[in-house]
Amino acid sequence: MECAGKGSGTRCLGPARKRCGRCGAVSYCSASHQISHWKVHREECERLEQQMKNLDLLNDFPFTFSQESTVQISEKQESRCSFLRKRGIHQVGLWVCECRCGASVTSFGNSRLESDTWNLSNILCPCRGPSSPIAKALCSWKDYYEWRCIPLQSPVSLLLHWPLTVYHSIQLAGLGSLTSEISKLCIHYLGPEKELLQLAVFGELRALFPGVFVQIELIGPAVPHHRDGDKIDLHSYAHCIEQDCDCRYKNENTSCSIGHTSSAVTLQLHRGYYHERFLDISKDSHPHLVIAPNAGIAAYASWLPTIELIKEINVPAVFSDYCEEACNLAACCINAVTNQPPRLPIQLNPFRQPMVVEDSPLHLPCYSNCFLFAM
């Protein structure tokens, strides 16, 4: 935990152990830093106090490992590494960037997909198509696991929060009924980072939107120069570790390829900022939805021209972030540009990643894709 008053003029005097007595969300190294930071903190203190009251709700997941992946990691009784290691998925397959010691986005190399394996048994992962169609809209991880017949001890939700957040965003934007009427769904996906090492999980959109060709344009500065323009077709689901499972044979016969157009899900990579690349991309791909996971709008000035563009093209746009406060700050930035409040208010994402972010700058738990709002 960093001192909230760090950089306010004087050097920190030690560890940040003195919490704000009102909100309890931030800490300071000394009383002098707390006093000097008050002119900044007083604007957020009441909001953070309210958010701290939602701790139990943020940590509420249906999984058998929920306590371990939330409270125990927050209190440093466990770590992401130890959680993954216990399950035999530490630094392997799709899991390589899920802890500090794993790969970074700079590892996104020359292979077509960095991995397409769960490194789990077929009982624990969705390596094949669903046994039945979705009867009604999925509203929680419990709904999803029951539909896909996955036991609640399976950790696949730690990666599936990417496609499930896309699914939920489509429902929030009012496009759920549209997917039953159209043959092609186009999504502009802004600012991918870790996802670039986990692209195979987006194959799950084949199950979530059967009969619909899903085209996702991933645009962001983290896309490597040599991957700019690459097209990746997902013909199958990420496969399990079982050598005799039929998912493996299907994957061998219909493996991911570049430039192929017959798959139900196609990903195309574009390096740069959305406002710089939009005209080129939209010639062949005008979006039904724009989505920006873990956007960090208030932290990057480069978002301002992108927000202006989204307002101009008048397409539903859904943003997520790690905590409610980040979404509050983002909504203020968007309001300053558009003179409009969010189209959809800030709300908890039921498909947030069920593992807390380690070493959050706040005492408030942070989760990937934790809160959503829309413009």
- Query: Could you walk me through whether Gln72 and Gln67 pass the side chain to side chain donor-acceptor pair (under 3.5 Å) check?
  - Reply: CA-CA 6 Å; Gln72 290 182 16; Gln67 185 77 2; over 6 Å; no
- Side-chain contact, heavy-atom cut-off 4.5 Å: Ile232 with Thr266? no
- Are side-chain heavy atoms of Leu364 and Leu55 found at a separation under 4.5 Å? yes
- Message: Under a 3.5 Å threshold, yes or no: a donor from one side chain and an acceptor from the other, between Gln268 and Gln215?
- Response: no
- Message: Are Val337 and Leu304 packed together at the side-chain level, in the sense that at least one heavy-atom pair is separated by less than 4.5 angstrom?
- Response: yes
- Message: Would you say that Ile89 contacts Trp118 through its side chain, given a criterion of any heavy-atom pair below 4.5 Å between the two side chains?
- Response: no
- Query: Is a side-chain N or O of Ser154 found less than 3.5 angstrom from the main chain of Pro151, in a donor-acceptor match?
  - Reply: no
- Item | Audit row: Phe371, Ser320, side chain to side chain contact (heavy atoms under 4.5 Å, CB included) steps and yes/no | CA-CA 5 Å; Phe371 283 86; Ser320 77; over 6 Å; no
- Test log, rule ring pair (Phe, Tyr, Trp, His ring centres under 6.0 Å), inputs Phe278 and Tyr273: CA-CA 8 Å; Phe278 175 75; Tyr273 295 109; over 10 Å; no
- Query: With side chains defined as the heavy atoms from C-beta onward, is the minimum distance between Val212 and Lys184 less than 4.5 Å?
  - Reply: no
- Item | Test log, rule side chain to side chain contact (heavy atoms under 4.5 Å, CB included), inputs Phe63 and Ser157 | CA-CA 9 Å; Phe63 306 110; Ser157 53; 3.4 Å; yes
- Item | SB check Lys194 Glu98 (cutoff 4.0 Å) | yes
- Determine yes or no for a side-chain-to-main-chain donor-acceptor pair under 3.5 angstrom, with Ser79 supplying the side chain and Ser82 the backbone. yes
- Aromatic centroids of Tyr144 and Tyr167 separated by under 6.0 Å: no
- Message: Determine whether Ser27 and Arg17 satisfy the following criterion, side chain to side chain contact (heavy atoms under 4.5 Å, CB included), listing intermediate values before the conclusion.
- Response: CA-CA 6 Å; Ser27 291; Arg17 292 174 178 160; over 6 Å; no
- Task: Give a yes or no on whether Leu190 and Leu329 share a hydrophobic cluster (residues Ile, Leu, Val, Met, Phe, Trp, Tyr; joining criterion: side-chain heavy atoms under 4.5 Å apart).
- Result: no
- Query: So which of Leu372, Leu160, Leu138, Asp143 actually passes side-chain contact (heavy atoms from CB on, under 4.5 Å) with Phe351?
  - Reply: Leu138
- Message: Between Glu78 and Lys86, does any NZ, NE, NH1 or NH2 come within less than 4.0 Å of an OD or OE carboxylate oxygen?
- Response: yes
- Query: So do the side chains of Pro354 and Thr70 get within less than 4.5 Å of each other, counting heavy atoms only?
  - Reply: no
- Task: Carefully, step by step, assess Ile170 and Leu289 under the rule side chain to side chain contact (heavy atoms under 4.5 Å, CB included).
- Result: CA-CA 7 Å; Ile170 287 169; Leu289 175 73; 3.7 Å; yes
- Does NZ or CZ of Arg343 lie under 6.0 Å from the centre of the six-membered ring of Phe319, at an angle within 45° of the ring axis? no
- Message: Between Val156 and Ile241, is there shared hydrophobic-cluster membership here, with clusters defined by ILVMFWY side-chain heavy atoms closer than 4.5 Å?
- Response: no
- Task: Mark yes or no for whether His188, through its side chain, and Ser285, through its backbone, hold a donor-acceptor pair below 3.5 Å.
- Result: yes
- Query: Would you say the side-chain atoms of His275 and Ser302 include a donor-acceptor pair closer than 3.5 Å?
  - Reply: no
- Query: Any chance the side chains of Thr165 and Asn349 put a donor and an acceptor closer than 3.5 Å?
  - Reply: yes
- Query: For the ring pair Tyr322 and Tyr367, is the centre-to-centre distance below 6.0 Å?
  - Reply: no
- Could you tell me whether a side-chain N or O of His33 sits under 3.5 Å from a main-chain N or O of Thr10, the two making a donor and an acceptor? yes
- Message: Is there a side-chain contact between Asp116 and Leu199 in this structure, where contact means two heavy atoms from C-beta onward sitting under 4.5 Å apart?
- Response: no
- Geometric cation-pi criterion Arg19 and Tyr28, 6.0 Å radius, 45° cone: no
- Cation-pi, Phe83 ring and Arg85 (6.0 angstrom, 45 degrees): no
- Item | No-hydrogen, no-angle side-chain donor-acceptor test under 3.5 Å, Arg271 and His225 | yes
- Message: I'd like to know if the side chain of Gln34 pairs up with that of His37 as donor and acceptor (distance under 3.5 Å, no hydrogens or angles considered).
- Response: no
- Query: Do Glu217 and His270 have side-chain atoms, one donor and one acceptor, less than 3.5 Å apart?
  - Reply: yes
- Task: Determine whether Val26 and Ile35 fall in the same hydrophobic cluster, where Ile, Leu, Val, Met, Phe, Trp and Tyr are linked whenever their side-chain heavy atoms lie under 4.5 Å apart.
- Result: no
- Does the side chain of Ser368 pick up a donor-acceptor pair with the side chain of Asn294 at under 3.5 Å? yes
- Message: Just so I know, are the side chains of His288 and Val315 near enough to count as touching, which here means a heavy-atom distance under 4.5 Å?
- Response: no
